[in-house]
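So the structure is just underneath, and the comments pick up after that.
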Amino acid sequence: MQPLTNRAKQVDRRPMTLAEKLYLPAIGKGMGITFKHIFKRKATVSFPDQTREFSPVFRGLHILNRDEEGRERCTACGLCAVACPAEAITMEAAERKPGEENLYREEKYAARYEINMLRCIFCGFCEEACPKDAIYLSETFAPANYQRKGFIYGKDDLLIPDPKAQGK
Amino acid sequence: MTLLSIDWFFLIEKILLISVILVLSLVVAMYATWGERKVAAWIQDRLGPNRAGPMGLLQPLADGGKLFFKEEIIPTSANRFMFVLGPSIAMVVACMTSAVIPWGGTLTIAGREVSLQVADVNIGILYIFAVVSMGVYGIMIGGWASNNKYSLLASVRAASQIISYELPMGLALIALLMTTGTLSLKTIVEQQINSGVYNAFIQPLGFLIFLICAFAECNRAPFDLPEAENELNGGYHLEYSSMKLGFFLFAEYINMFISSALMATLYWGGYGFPGMTSLASSLSPNLITIIGFLALFIKTLIFIFIFMWVRWTVPRFRYDQLMRLGWRVLIPLSLANMLITGAIELFRHHS
Amino acid sequence: MGSIQQIIFMVLSVVALASALGVVLSKNPVTSVLCLIITFFAIAGHYIMMNAQFLAVVHIIVYAGAIMVLFLYVLMLMNLNAELEPQKRNWLKYAGAISGGALLVVLVAALRDASMPALSPEANEIGLIHNLGLALFKQYVVPFEVSSILFLSAMIGAVVIGRKD
């Protein structure tokens, strides 16, 4: 059979030499290796004090964006839900009432917008599909939870804080 | 001051010395747990405990506190008396060994010569053997009283392992005793200081056998079959909880400390250090004694490190391999060592 | 010197006798073994009182450290349920009592006529390893070597039994 990699190695089945039978040289060699490891750089990242850098293309938790005036950008077109390969996004659309222009940018908005973070594969297709630049993938990951329903993120989890309210 | 024909100062001095040595071995054992975790971590490219205190130095206190406050569970089907007796024996026996190890020369305090050895009996080595052979009772009784198959299996393993490895250990020691001609540990140390040659160079094979047997006697990896976590669920202390478990673990570390000190004493010159005889004229004897004690302590710590280093390098033996190593390799080897040593000694005495 | 040694002697004797009784009387064989170990320790204490340190330590190593471990080893592997224990026959009890009594009579008869002189100072030193070694290898070298042949034959026997075929 053709070997898959060129790293295959024939097993040595020759009888052991005296040095191998003594076993002590092998132990000495092993102890040398472990001793060298004492001085090697440690692989540990002391997490709470020191966090590991994410890669620049890291895709983490979703956020729902607002525009400069603090209005929700999402118009509940459903393109993200269609694009989602894991079918993690559900939404319910509603019509903007008069007097809500300062809340929603478009005439239609998402009354309910849920992402199941247990289903989501963080592929970022929703981000690409969105015509209104409303959904983005941030650089954090979903924290642990005791229950499944804690992983279904609603609008209040996803929406970024209002920049105008923030300013006050 | 004599009452009941006892020298009370002598008694007080010895009691003080005993308590100091006990506290010392307990502290060393405590910090050996910390050291073990640190060494294991370093060898595996980790950092080890570093949360409790600087460098994790308060970790042993935290561990001990945790063990004390854990719930004490005695299985209903266990033999209650024996169940408590097991860890107690293990702990007491582990602490008893330190009595005959000479921790240093003599200190002169207020005109009294205070020897840093609890008892300079002329059969020091045999005393250690006697006490070590008692150590197996703690494990056996503990394992049997738990009324658990795994524990029983572990204590059976422990008993046969310790008995098997006591033999080559004793034979290796006999070869050493032939060269020294004494059983007193203090005399052995003084001979090494005076001649300047450590016994490890006279008896390299004997030292190696002794080292291997010490690993086995302390139930340390690669001979930790009695407490093999992944085949016996923890072995003889499977049913133990709280400080009774702590006693078993502690006894192991005290044993490790004592056997390291013993190896340093028997084979590496004890409290002697290079240049001791030349320094003796210029420094005060008390200072020499203290430096000697520190030298022994450093040697002991090096041996403890070797114990840990081996544990995190060499994988556990299979049980039949263990027995084969003990009976088929170490015993003939130590017999041959004894024979050669005897022949050389005979030759030396006749020429 | 008298009083403290006497106190220790009394304590050791009481411990030895009590634990020896415990060996015979206890229902649980493992407790019996433990009592026997305590007896050995008390006897080793007596040896030390007689300045025979070597004998004391060897007594502990050989009896308490090796033989009793094997005893315990065997006992632990037996099923020690009280219900499963076979009923002892009555005549066995009588036979035991008679043979034990006979042994007692023999011992008393033997010890009654034996003279027990106080230990002389030089006899006090015989238990130390130096003197013991000299005695064994000079005065009693032939019996010593003969007994070593006994051990050798036992070892060879063990090897023969332990062989696979």
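Chain naming here is simple, since letters A, B, ... match the order of the sequence lines and numbering starts at 1 in each.
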With a 6.0 Å cut-off (strictly less than), is the heavy-atom count around OH of B/Tyr319, excluding the residue itself, greater than 12? yes
Relative to chain C, which segment of [X] carries a heavy atom at a distance below 4.5 Å: side chain, backbone, both, or neither?
| X | result |
| --- | --- |
| B/Met134 | side chain |
| B/Phe129 | both |
| B/Leu126 | both |
| B/Ile162 | neither |
| B/Val156 | both |

How many angstroms lie between atom CD1 of C/Ile61 and atom CD of B/Glu166, to the nearest 0.5 angstrom? 8.0 Å
What distance do B/Ile141 atom CD1 and C/Leu34 atom CG have between them, rounded to the nearest 0.5 Å? 4.0 Å
Which heavy atom of B/Ile163 sits nearest a heavy atom of C/Ala66, and at what distance? CD1-O, 4.4 Å
Where do C/Gly65 and B/Ser133 come nearest, in terms of heavy atoms and distance? CA-OG, 3.6 Å
Is the closest side-chain heavy-atom distance between B/Ser155 and C/Tyr73 below 4.5 Å? no
Please determine, among C/Leu72, C/Ile60, C/Val69, C/Leu70, the option with the most heavy-atom pairs under 4.5 Å with chain B. C/Val69
Going by the rule ring pair (Phe, Tyr, Trp, His ring centres under 6.0 Å), which residues pair with B/Tyr127 if we only count those two or more places apart in sequence or in a different chain? none
